[in-house]
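Structure first, then comments.
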Amino acid sequence: MTKEELIAKQKELGLSGIDGLKDEALEKLKKYLDEQKAQLDTETRRKVRAFWIGVTAVGIVLGIAAGWFGRFMIG
């Protein structure tokens, strides 16, 4: 699909440029995420959240350690 065809399709659908497309995409994404959340019970979501908090904390510590040791290698 060429750019011109995409612009024509947007006008056909009544979308106003990129902003209309962006809003529509955000609405679809929000709907998809809400459906995914609805499939998980509260306890499972808490466990998943705790897992990702742990992964993030480990990543931050490894990043700081790499930066600390990397500064000795640079100068």
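Every heavy atom of this structure was used, including side-chain atoms; hydrogens, water molecules and symmetry mates were not. Residue numbers count from 1 along this sequence. From a predicted model like this one, the values you see are computed outputs, not experimental measurements.
Between the CG atom of Leu40 and the CZ atom of Arg46 there is a distance of 13.0 Å, given to the nearest 0.5 Å. Taking OG1 from Thr42 and NZ from Lys47, the interatomic distance works out to 12.0 Å, rounded to the nearest 0.5 Å. Interatomic distance, CE of Met73 versus CZ of Phe69, reported as 11.5 Å (0.5 Å rounding).
Val58 and Val55 fall into different hydrophobic clusters, defined by Ile, Leu, Val, Met, Phe, Trp and Tyr side-chain heavy atoms under 4.5 Å apart, directly or through other members.
Here Thr56 pairs with nothing under the side chain to side chain donor-acceptor pair (under 3.5 Å) rule; sequence neighbours left out. Remark: Asp34 engages Lys30 in a salt bridge (charged side-chain N to carboxylate O under 4.0 Å, His left out) (not counting sequence neighbours).
Remark: Arg71 is positioned above the aromatic ring of Trp68, its terminal NZ or CZ atom under 6.0 angstrom from the ring centre and at most 45 degrees off the axis.
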